[in-house]
Every structure is written in structure tokens, then in C-alpha cells.
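Atoms within each ligand, like the ligands themselves, are counted from 1 in listed order. The basis for the numbers below is simple: all heavy atoms, side chains too, and nothing from hydrogens, waters or symmetry mates.
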Amino acid sequence: MKVDGVAWRSIVEDGPHAVRIVDQTRLPFDFGTRRLESCDDVALAIRSMQVRGAPLIGVTAAYGIALALQRDGGDAALADAHAALLATRPTAVNLRWALARMRSLLQPLAAGERAAAAWREAGRIAEEDVAINRALGGHGAGLITAAHARTRQPVRVLTHCNAGWIATVDYGTALSAVYQAHDAGVPVHVWVDETRPRNQGLLTAWELAAHGVPHTLIADNAGGHLMQRGEVDLVMVGADRVSRTGDVCNKIGTYLKALAAADNGVPFYAAVPSPTIDWELADALREIPIEERAADEVRRVSGRDGRGRPAQVTLADAATPVANPAFDVTPARLVTGIVTERGVASPAELARLFAPARAAA
Ligand code: MRU
């Protein structure tokens, strides 16, 4: 996608021994990049949310393995890098998926062959992410186009968190659908949930502004009210882990939007690249590890002061007890459809949509 007319991806190779990422901790006020030269750099970037978003976390971790093996191609180095990266963030399954794919390719190789093979494979995972998101966005855009055909009015999409191009290598997931509908001339307006406490909605608003998509930032609590008043045509969110039966784990607050959508007859879609599907899960509510993040994310807000300088404000003092679960699970019964690179499936049809590929794997 473009920033000030220049095409960017969230992660690119920067020579043969480093990658360059868009540093998301600087957005939406500053756009800047950061060079990662080691597995430690990559682990820190994921943990500190310089890179974030399930698909991008997976791709970045794959490069982390490659960078580790450039220093040492041995079994212990591979195992250590795998363990260190896996421990960075627990919820998005793309991380486990990418690391498992790297390890199963690399483990059988001789130590001296691993670095080059790992670099190539990380590049393949990155390119696949772009192709998957382009394809699923096309299917999601079909839903927006169909809504427009019914109403002949701008389609009002509500989204939560950031499922845009910076949460992936390119295009995004939920926003890939929005961008492709917009680019095809379908009038669309996006209600952007602020998404406290990390305010990923500000990243979404920044992306949409850069692409010229009409949007309005709203407080997280506003969505139900807008749905009751008939001001939302569909909800489209991303996902961090989806079960084979279509339970959707996504940024905290998604479940409340799904409840409000169900109560108001608003279709609720999750845009899900296949590496976000956890085929091993039996019980999403019990088995998905929900990341508990730092209390200070809730106690404080960061932004700009009146002079445009970075500033933090304390909302609650250190004595205030805080809980900060970062994700929740929306049960399949509240999900109208899962938008994938293979098409849109009801939760019950999801496994069938991928059955041939899984049988071949
Ligand atoms: O905690 P984050 O910012 O890494 O959150 C992950 C997400 O970006 C969202 O939950 C998103 O909707 C799914 S990733 C496209």
C-alpha cells in the first residue's frame, strides 16, 4: 500500500542479513522504519509491538529464525531461536504456524545449508501472505459490493482493532476487503473502533486516511448504539486465531460487537487468512491462551501534547488494580461468515472449504 504516494510493505528484506519494518509504535503521528539484524531484534520488535497483527507477527518471526541461523546453523541455535520467538506473544496462531513451518523445513537440513534455506522460506511466507490477503480481500469486497447493490447507499462497515496492511505484509485482512471495494468504486464508510487500550483503531484511521477511504473514529462503546440506529450495514474484523468450527479469537472487545450485531441483525464477518486457522483446537474458549498485557497500558494513554510533542497521561495511579486481557473469543454462533482466500464460508462450512488442501498437506 502507499504512504504519501510511495509503495510500502510492513516488512522488507534490507540486504541479505537484515529486514526493515515499519515501526508501528511511532504511528499514527510519525511514519518511520527500523532495521532488525538479529533474532533478538526480531523478538523485541514483536514483544514491544513495533510489529503487530497476527499475519505480520508470523512473517517477522520466520525472518527471526533466518537471522539466527546466519550466525549459527546448528540444532541448538535453531531450537533456541524457535523457543525465544514462540514466547514473544501467545495468542496469534500465525506465530506458531510460521515457526513450525520453518522448523520442519530446516531441521532435516545440514547446518551449513540452513541459513540460505531459511531466508528463502521466510521470503516465501511473506509473498504468500500478500497473495492470500489480496485474494481474501477480493471475496470480502464481494460482500461489500452486494450490500451496496441492495441499498444503493454507501456501505457502512464497522471494524475493530487494526486489520489493515500494517498488520500484514500488505493489503491487510478486513481492510483488504474495504480497499478493494473502494478501489472498485463502491462507496464505503468505515466506523473505526478506537480499540482501547492500545488504540489500534488509530492505526486503522491512519491507513484509511492515507488511502482516501471515508471513515469515522468512534469510542469502543459506540458500536452497539450505531447498530441499533441502523447505521451499520456489516461488521468486518480480523482474527488472531480461529477454530475449525469458526470460533473467532480477536482483539478484546470484538465479542461485544458480535453480540450487538446479532441483537440487531447486522452481519458479522471475520477476515481470516488460512494460517490464522488453528486446526488443532478442540475448544477455543478454554484452549486459546489469552495474552494478559501490562497494567500500564490501561493506566496510561499516550499521544501528543498541545505542542505536538509525544506525551503520556496517567489515568489511574499505580495503586489501582488493573486487568488487561488483550483478546476475546466470539463463538461461531455469532459469526455470519469467515472470509478466507478460498471464499466466504459459514463457520460450519469452514473445514470443508479447506479439506482438499489439508488432506494434501
Ligand atoms: O495485539 P495486536 O495489535 O497484535 O492485535 C492483533 C490484531 O491486529 C488484531 O486482533 C487484528 O484484528 C487481527 S490481525 C489482522
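Salt-bridge annotation for E121 and R124: present, with a side-chain N of the basic residue lying under 4.0 Å from a carboxylate O of the acidic one. Taking the charged nitrogens against the carboxylate oxygens, R196 and E194 have no contact shorter than 4.0 Å, which rules out a salt bridge.
A heavy-atom cutoff of 4.0 Å around ligand 1 is satisfied by the protein residues M49, R52, G53, A54, P55, R89, C161, N162, A163, A167, T173, Q200, G238, A239, D240, N250, K251, F327.
Ring geometry for W119 against Y63 counts as perpendicular: the plane angle is over 60°, on a 0 to 90° scale with 30° as the lower cut. By the 30° and 60° cut-offs, the orientation of the rings of F31 relative to W165 is tilted.
The backbone N or O of Q107 lies less than 3.5 Å from a partner atom in the side chain of R114, making a donor-acceptor pair.
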Pairs of donor and acceptor atoms involving the side chains of residues 234-242, under 3.5 Å and at least two apart or interchain, shall be tabulated with distances.
unit_1 : atom_1 : unit_2 : atom_2 : d
R241   : NE     : T91    : O      : 2.9
R241   : NH1    : D278   : OD2    : 2.8
R241   : NH2    : P90    : O      : 3.2
R241   : NH2    : T91    : O      : 3.2

